[in-house]
Each structure stands twice: as C-alpha cells, then as structure tokens.
Amino acid sequence: MIGTIRKHSAVLWWSIIPLTIISFVIFMGAGPTRSGGGRGSGNVTLYGKEVTAEAYVHARNEFFIYYWLHYGEFPDKSPNFNRNDLERETYVRLMLTEKAKTMGVHVSEEAMAEGAGELLRSIGRGGQAVPMSQFLERVLQPEGLDATDFQRFVRDDLTIQQLVKTLGLPGALVPPQEAGQLYDREHQEVSALAVFFSASNYLAQVAVTPAAVAQFYTNNMAVYREPDRVSVNYLAYDLTNYFAAAEQKIGKTNINNQAESYYAQNGLKSVPDAKTPEEAKAKIRELILRQGAQAAAAATAKEFVTELFAMEPVVPENLVTLAKKKGLNLRTTAPFAATYGPEEFPASAEFTKTAFKLNAESPFSKPLVGAEAVYVIGLAKQLPSMIEPLDLIHARVVQDFQNQEAANKARSAGTNFYYTAAVQIAAGKTFAQAAVAAAQAPKALSPFSLSSQEVPEAGDHADMNQLKQAAFTTQPGHMGNFFPTAEGGFVLFVQSLLPVDEAKKTVELPQFLSQVRRGRENEAFNFWLQTEANRELAGILKDSAQNTASGAAKRP
C-alpha cells in the first residue's frame with residue numbers, strides 16, 4: 001500500500017521551508033505543459049549559465065515528485081496549484097541546485113542510496129519500504145516519470161538539504177545563554193484570576209420578534225448562501241458481506257501464515273495501537289481479510305458497472321433501472337458540498353471529488369473503494385449555489401440571531417464590569433472582592449506560560465492565544481482590559497509571575513536549544529532565498545508574464 005510521506009521524515013526535514021510562492025513579482029498566464037520544456041531554451045540564464053530545455057524538464061519532473069510526496073497528488077491534478085505556480089517552483093528548484101553546484105556541494109552514492117531507502121519506507125506502511133518497482137508502476141510511470149527522475153530527485157533534494165544547512169549556518173549560531181533567556185520567556189508561568197462573560201448566560205434576555213429576525217436575516221444573507229451541491233444515487237457493496245468469501249478464497253491457514261510472517265518481520269511497530277503480539281496478529285489478519293473483501297466487492301461492483309456502461313442511450317436513469325432490475329438497494333444521498341461530503345456515511349475525498357465530476361454526459365462512476373464498502377454512484381441532482389429563503393431556515397436564523405444578541409449583551413456586561421471593578425480596585429478592594437460585589441464568580445486559573453497548550457478552567461470561554469495575549473500584556477498585580485471573544489469575553493487579573501522550574505529547565509534546555517537553532521537556520525535560509533530569487537528570477541518571470549499577456553491579446 002502506498003501512502004503519502006510522513007511529514008516529519010528526516011530526509012525531507014527542510015520541507016518546513018514551504019512551497020515557495022515568491023511574492024516579489026505578480027505572475028499571470030499559462031505556464032509550461034507536461035510535455036513541454038517551459039522557457040528553458042537558451043534565452044534564460046541562472047548565475048550566468050544557460051538554462052537548457054532539458055534542465056528545465058528535469059527540474060520540473062523533480063518538483064512533480066516533491067509535490068506528490070508531500071500532498072499525495074501531482075500538481076497538475078491539484079485544484080490548488082496552477083501552471084503559473086509550476087513554472088515559478090521549477091525555476092526556484094533550478095536556482096537552488098545551480099547554487100549548490102557553484103558552492104561545490106556534493107552528495108555521495110551512499111547518501112543517495114540511504115535517502116532513497118528512507119523515502120520508500122516513508123511512503124510505505126508500518127515502516128516497510130514500498131518496492132521501487134511498485135512505486136514506479138503505480139506512481140511515477142502513469143505521470144510519464146521514471147527511475148532516473150526519482151534518482152535525480154533524491155540527489156538534488158539531498159543537495160538542497162546541504163545547501164540549507166550551509167546557508168542557514170549563521171542563524172544556527174545561537175549561544176546557550178540566549179537560548180536560556182528564550183526558554184525563560186516561553187516557560188515562565190503566570191498566576192491569574194478571570195471573570196468570563198458567556199453568551200449562554202444572556203440568551204434569556206434576548207427579545208425575539210419577527211421584525212428583528214427579518215432584519216438580521218437581511219443583514220446577513222451572505223452567511224446563508226449554500227455552495228454548489230450535488231446529490232447522488234449509490235449502491236453500497238458492504239465489505240462485511242464478502243468476508244466469508246474472501247476467507248475461503250485466501251484460506252484461513254494462509255491468512256494466519258501471512259500474519260505471522262508480517263509480524264515476524266515488523267513486530268509491534270507494524271500495528272502501533274496493539275498492546276500484545278496476539279492483538280497485533282489479530283489486527284493484521286483482519287487487515288488481510290478486509291483487503292480480500294475489498295477486492296471481492298470491487299469485482300462484483302465492476303461487473304455491475306460494465307453492464308451499466310453498456311446501456312444505450314447514456315442517461316442518469318440507467319442506474320436506477322439496472323439496480324431495480326437486479327433487485328439491488330439503490331439509495332440517494334442528501335445534497336452535499338465539495339467541502340464536507342455526504343452525511344449518510346464517511347466518504348473518501350475521491351468519492352466527493354468524483355461526485356462533483358458527474359454530469360449528463362458522464363453520469364456514473366467506476367467502483368469507488370471506501371473504508372466499509374465499495375460504491376457505485378450516479379448523478380441524481382445538481383444544485384447550484386443559492387441563498388436559502390428565510391421561511392425554509394427560520395429556526396436556524398432565529399438561533400443565530402439569539403446567539404449574536406446574547407454575545408453582544410455579554411460583551412456589554414463585561415465592559416461595564418471592567419469599569420466598575422477598576423473603580424473599586426482603586427478604592428482598595430481586591431479583584432475578587434470587586435467581582436463578588438458585581439455578582440460575578442472569579443475563577444482561579446491553573447498557572448500557564450507562553451508554551452502552554454491549555455488552561456482547563458477557561459473551557460470554551462477563551463482560547464489559549466487570547467489568554468496569553470491578555471496575561472502577558474498586563475503587569476503583575478494589575479487587571480487587564482476587557483478582552484472580547486466570539487461568545488462574549490473576559491477580564492483577567494494577573495496576580496504574579498512564577499519562578500521558572502530550574503530542574504525542568506536543565507533537562508529540557510538541550511532540546512530547546514536545538515529547536516531554536518533549527519528555527520533560526522531556516523529563517524536565515526529563507527532570507528537568503530528571498531534575496532537571491534529577487535535577483536536571479538525576477539526578470540525571468542517578469543518576461544514570462546509579459547509574453548503570456550501578449551499572447552493572450554493576440555487570441556481571437
């Protein structure tokens with residue numbers, strides 16, 4: 001099974017430098033095609049050297065592999081990536097590899113072999129490397145790529161890693177003393193009291209009238225716009241109906257032997273959530289059986305689809321007709337959008353994407369393998385984007401109106417409390433006394449720092465970033481301003497800054513220092529990259545944009 005690369009693979013640690021969408025130039029128009037060589041044809045130079053068409057194609061192919069490893073699809077298949085981005089990223093890669101050459105950066109054959117092996121393990125399952133032949137057949141070759149492209153990608157990616165380390169070296173020179181100061185800043189905890197103002201406490205005070213609800217709806221009509229949606233008819237070939245046939249075909253003894261063999265090679269790491277060898281082997285047997293059931297269900301679905309696609313003329317109703325003829329249970333989903341998929345069952349991204357590709361000329365899908373079933377789907381209805389009428393969503397609008405008005409009342413109460421408490425504190429009362437006098441209940445928060453992930457007492461009243469901003473912009477011994485939130489707001493009183501736990505600091509500082517150095521290293525490299533790209537690529541992409549605009553103007 002081929003998956004996408006693990007995000008924290010050591011081989012691609014430099015990928016925290018994002019796909020570079022360089023902001024120094026506005027680039028418009030069409031870029032290169034998969035079969036073309038871009039603009040590397042003798043009139044483009046990097047560092048004084050000509051960029052040949054061959055070099056451009058090589059860099060572009062490498063970027064295709066890079067993109068697949070990170071996103072599980074090739075850039076020309078992604079709706080979030082266009083040809084303009086592809087040309088830009090290809091030239092960035094060309095620039096980086098050429099710079100590495102000028103600096104004499106070299107990767108050994110041993111490092112390349114190790115890097116290729118780690119990549120193949122990263123896209124496998126349970127630490128098991130995907131066979132190179134399978135990777136070629138299933139991923140690279142359908143896209144017109146081959147083993148040479150992969151070898152070149154591994155070499156250049158390792159080269160770029162070395163370049164990042166070299167050019168980012170100044171940023172990595174962080175002395176331990178500075179890291180210690182940064183550690184103190186991020187880990188020193190604050191002791192604080194808070195009064196939260198929640199919309200839920202003010203709902204009963206909201207007056208709901210038809211006029212107010214109608215006005216609210218009119219003012220917020222854009223919120224009630226439904227996106228393009230689709231409804232599909234579907235047949236679900238439930239995997240549980242094929243387990244017995246799969247077990248008979250594979251053989252119970254064979255399944256057990258395969259599970260034993262796989263476990264012997266990989267151990268408990270092959271099933272991370274298993275606690276014992278017996279549990280791990282049972283899960284492996286279940287996986288083998290499930291894969292057999294998927295194959296059997298897919299074969300049955302394929303037989304149905306073959307007959308369906310042979311029906312003439314091709315109309316959406318054919319699926320209904322054939323399912324009825326065969327006595328199959330055809331169901332219909334409620335309308336769903338591309339962003340959330342059907343509500344009747346957990347659907348894969350492929351299912352939703354396929355559903356939105358259906359049309360009158362191509363109303364059916366091939367079998368789609370899901371976690372619990374294999375599906376055949378057909379177009380039932382397409383619903384264009386629209387603003388839903390008030391009478392159809394009245395209850396929802398009323399609830400939204402109540403929530404907004406209640407939140408406004410909560411914020412008003414919080415603001416009033418702040419001014420009242422400020423007067424009482426100035427008169428000598430404590431924050432807690434001022435809160436009680438205003439019929440509010442102050443909460444003592446668990447100590448937290450800039451590195452904390454949660455404060456249990458805050459619940460849903462405020463998120464961590466809001467609490468941190470309020471706490472660390474307020475002097476100890478003082479009350480902060482009222483801080484509005486989506487559901488109301490809060491007022492924080494900072495009691496004191498607590499001393500840093502020195503014993504904990506001693507243990508954690510080495511790893512913290514390493515993290516700081518890596519971060520600074522990448523900051524230094526990104527600064528170099530922006531500067532270098534401004535000089536080497538701005539003219540190239542500017543000329544390309546002008547050529548594209550000129551070509552577009554000549555089109556009839």
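- Shown here are the salt bridge (Lys or Arg N to Asp or Glu O under 4.0 Å) partners of Arg520, two or more places apart in sequence or in another chain: Glu178.
- Residues satisfying the ring pair (Phe, Tyr, Trp, His ring centres under 6.0 Å) criterion with Phe150, sequence neighbours excluded, are Phe135.
- Between Phe351 and Phe336, the angle of the ring planes lies from 30° to 60°, which puts this pair in the tilted group.
- In this view, Phe512 and Tyr183, His187 satisfy the ring pair (Phe, Tyr, Trp, His ring centres under 6.0 Å) rule, not counting sequence neighbours.
- Rounding to the nearest 0.5 angstrom, the gap separating the CH2 atom in Trp68 from the CG atom in Leu145 is 11.5 Å.
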- Query: Would Phe63 and Phe153 satisfy ring-ring contact (aromatic ring centres under 6.0 Å, His included), going step by step from the backbone distance to the final call?
  - Reply: CA-CA 8 Å; Phe63 178 72; Phe153 164 78; 9.8 Å; no
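- Every residue two or more places apart in sequence or in another chain was checked for a salt bridge (Lys or Arg N to Asp or Glu O under 4.0 Å) with Asp156, and none qualifies.
- Judged as a side chain to side chain contact (heavy atoms under 4.5 Å, CB included), and not counting sequence neighbours, the contacts of Gln258 are Ile250, Asn254, Ile288.
- With sequence neighbours excluded, the residues satisfying side chain to side chain contact (heavy atoms under 4.5 Å, CB included) with Pro131 are Ser133, Gln134.
- Thr531 meets the side chain to side chain donor-acceptor pair (under 3.5 Å) test with no other residue; sequence neighbours excluded.
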- Message: Does Leu167 form a side-chain contact (heavy atoms from CB on, under 4.5 Å) with Met103? I'd like the steps, not just the answer.
- Response: CA-CA 10 Å; Leu167 295 174; Met103 295 180 64; 4.0 Å; yes
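- Every residue two or more places apart in sequence or in another chain was checked for a side chain to side chain donor-acceptor pair (under 3.5 Å) with Thr102, and none qualifies.
- Comment: Arg331 does not engage Glu344 in a salt bridge, judged by the lack of any side-chain N to carboxylate O separation of less than 4.0 angstrom.
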- Task: Please lay out, stage by stage, how Glu89 and Arg60 fare under the test salt bridge (charged side-chain N to carboxylate O under 4.0 Å, His left out).
- Result: CA-CA 8 Å; Glu89 297 298 339; Arg60 183 200 58 201; over 6 Å; no
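- For Glu532, the salt bridge (Lys or Arg N to Asp or Glu O under 4.0 Å) partners at least two apart in sequence or on another chain are Lys99, Arg535.
- No donor-acceptor contact under 3.5 angstrom links the side chains of Arg155 and Thr159, judged on distance only.
- Residues satisfying the ring pair (Phe, Tyr, Trp, His ring centres under 6.0 Å) test with Phe527, not counting sequence neighbours, are none.
- Listed by chain and residue number, nothing satisfies the ring pair (Phe, Tyr, Trp, His ring centres under 6.0 Å) test with Tyr237 (two or more places apart in sequence, or in another chain).
- Residues satisfying the side chain to side chain contact (heavy atoms under 4.5 Å, CB included) criterion with Asp146, sequence neighbours excluded, are Thr148, Asp149.
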